[in-house]
Amino acid sequence: MRAFSAPPSGDTVSFWSGLIAAGCGGLVLFVALPLALSSPFPSAKDRAWIVEDRPVRTAALVPMGRDAEDAIEAEADVESESGPEGAHGSPADILSWEPTFALASLSMPGMEVDDAEATGSLGGAATGPDIAVPPRRSAEVADEIDDYLWEVYRRAPIKKDGSGDFTWKDPAAAKRLGMSLKEYVIRGMDRDFRETLYHMGKALDADGLRWSMLSAFRDDFRQRLASGFKASVGNSLHGGSRRTGGYGNGRAIDITLAEGDASEVWRWIDRNGARFAIARPMPGYDPAHIQARANWRQIAGALRAKRTLVADRAPGSRREAMAEAR
């Protein structure tokens, strides 16, 4: 008969069982437990996983040819002449191409502007720590310049261009700040820039060009709503917080004709704009955009002095009445 090997002794079994149990315990202690307590995601302290609500920049979509480079350089050249106010980043950082979009919650189809908006509030002001509400200028009395520019703005009640109808955007931005539309789009512009626009506009009217504005003052919120070839948010001369200082400092508009071919008014600006310190720096990529030139403060002061002198000499003026009283 075949001989069978003797079964292992009890001491041998106990030894191997203990060794296996110790190995499993070591794996649990040094491998499984640390893995269970760890996380594949960085902690909130590192802020690496927190999604911040920031606009997506799409500057890479600009078809950068020679014409685009010339347009950017022209815009930069005109603004750089103004001194430190224009020294906020390179032109390549300031200009970008962004696609058309609309916020359904803010869409206001069929909206019409009436005279009541000139003095009444649109209500519903936005609140929160991230919203910088501009100072109210209640002490400023609406003068002939504001009234004239407001009338010009309303000459073209429908605001649209190649990107579509954006009539709703200015009222949405004004409503967000609890302002009337006039207070937002007109008084958001710099006082000196309004002076030059007033005199240029009167000259346009005299030449039979009934001009209007597609866009006037734009804060950062309104700039974010803009589409097409535009400055990045905060860097717009229309009133970007970084580029100009925000409300009350806008020094650019988009100009058009109330009726007819807008290129007529654009060509007029090219020929005559320098007299009013106004330039059209990007005729290829943004033909409607006009802005203040280098000497706009000085020109505005001279034009204001001339306007004030004429007003004082007009029949029935306050100064004439005081002279007669003497």
Side-chain angles (χ1 to χ4, degrees), residues 78-79 81-86 115 117-119 134-155 179-213 215-218 237-239 244-255 258 265 268-280 290-326:
V78 172
E79 176 59 13
E81 295 173 357
S82 301
E85 290 180 317
D115 291 339
E117 286 183 311
T119 55
R136 304 304 295 267
R137 305 195 297 173
S138 57
E140 180 180 348
V141 178
D143 60 14
E144 60 177 316
I145 291 181
D146 291 350
D147 292 341
Y148 169 72
L149 294 178
W150 174 236
E151 184 271 326
V152 167
Y153 178 89
R154 292 184 296 161
R155 288 176 181 177
M179 290 183 170
S180 70
L181 187 55
K182 175 183 178 180
E183 186 177 11
Y184 178 81
V185 298
I186 302 301
R187 294 181 184 170
M189 293 186 288
D190 186 275
R191 175 172 175 261
D192 285 343
F193 184 61
R194 281 181 283 158
E195 185 79 40
T196 60
L197 273 185
Y198 170 82
H199 289 274
M200 185 196 72
K202 289 294 187 178
L204 279 165
D205 293 342
D207 285 348
L209 294 173
R210 196 166 181 268
W211 68 291
S212 187
M213 304 180 209
S215 179
F217 170 74
R218 296 201 302 247
L237 283 176
H238 285 261
T244 70
Y247 185 82
N249 297 291
R251 52 183 185 270
I253 68 167
D254 293 337
I255 193 170
V265 73
W268 190 98
I269 298 293
D270 295 339
R271 295 191 304 269
N272 304 286
R275 292 161 44 198
F276 308 98
I278 290 177
R280 194 170 69 99
I290 63 174
Q291 65 186 52
R293 292 174 63 96
N295 56 341
W296 63 296
R297 295 287 189 194
Q298 293 85 350
I299 296 295
L303 292 173
R304 182 178 296 110
K306 180 180 179 180
R307 176 176 58 86
T308 303
L309 181 62
V310 171
D312 288 341
R313 291 178 176 177
S317 66
R318 181 178 179 184
R319 177 172 292 184
E320 183 178 275
M322 293 176 62
E324 291 178 356
R326 294 173 185 170

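A salt bridge links D192 and R297; the closest N-O separation between the charged side-chain nitrogens and carboxylate oxygens is under 4.0 Å. Salt bridge D254/R218: present, at least one basic N to carboxylate O contact under 4.0 Å.
The minimum heavy-atom distance between R187 and Y247, with the atom names listed, is CB-OH, 3.6 Å. When all heavy atoms of W296 and F193 are compared, the pair lying nearest together is CZ3-N, 3.7 Å. Of all the heavy atoms in R293 and A279, the pair that sits closest is CG-CB, 3.4 Å. Between A216 and V185 the shortest heavy-atom distance is CB-O, 3.2 Å.
None of I145, V152, L181, D146 except one satisfies the side chain to side chain contact (heavy atoms under 4.5 Å, CB included) rule with I186; the exception is D146.
Under a cutoff of 6.0 Å and an axis angle of 45°, K182 and Y153 do not form a cation-pi pair.
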H199 vs K306, side-chain contact (heavy atoms from CB on, under 4.5 Å): CA-CA, chis, key distance, verdict: CA-CA 11 Å; H199 289 274; K306 180 180 179 180; 5.7 Å; no

Intermediate values then yes/no, side-chain contact (heavy atoms from CB on, under 4.5 Å), M189 and I253: CA-CA 9 Å; M189 293 186 288; I253 68 167; 3.6 Å; yes

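Under a 3.5 Å cut-off, the side chain of H238 and the backbone N or O of G250 do not form any donor-acceptor pair.
Rounding to the nearest 0.5 angstrom, the gap separating the CG atom in L303 from the OH atom in Y198 is 11.0 Å. Going from atom CG of L209 over to atom CD1 of I255 covers 9.0 Å, rounded to the nearest 0.5 Å. L237 CG to I290 CD1: the interatomic distance, rounded to the nearest 0.5 Å, is 12.0 Å. Taking CD1 of I299 as the start and OG1 of T196 as the end, the distance is 9.5 Å to the nearest 0.5 Å. Note that CG of D207 and CG of N272 are 7.0 Å apart. Values are rounded to the nearest 0.5 Å. Annotation: the span from L149 atom CG to E144 atom CD amounts to 10.5 Å, rounded to 0.5 Å.
Ring geometry, F276 versus W268: the interplanar angle falls under 30°, so the pair is classed parallel (tilted spans 30 to 60°).
In this structure, the salt bridge (charged side-chain N to carboxylate O under 4.0 Å, His left out) partners of D205, at least two apart in sequence or on a different chain, are R155.
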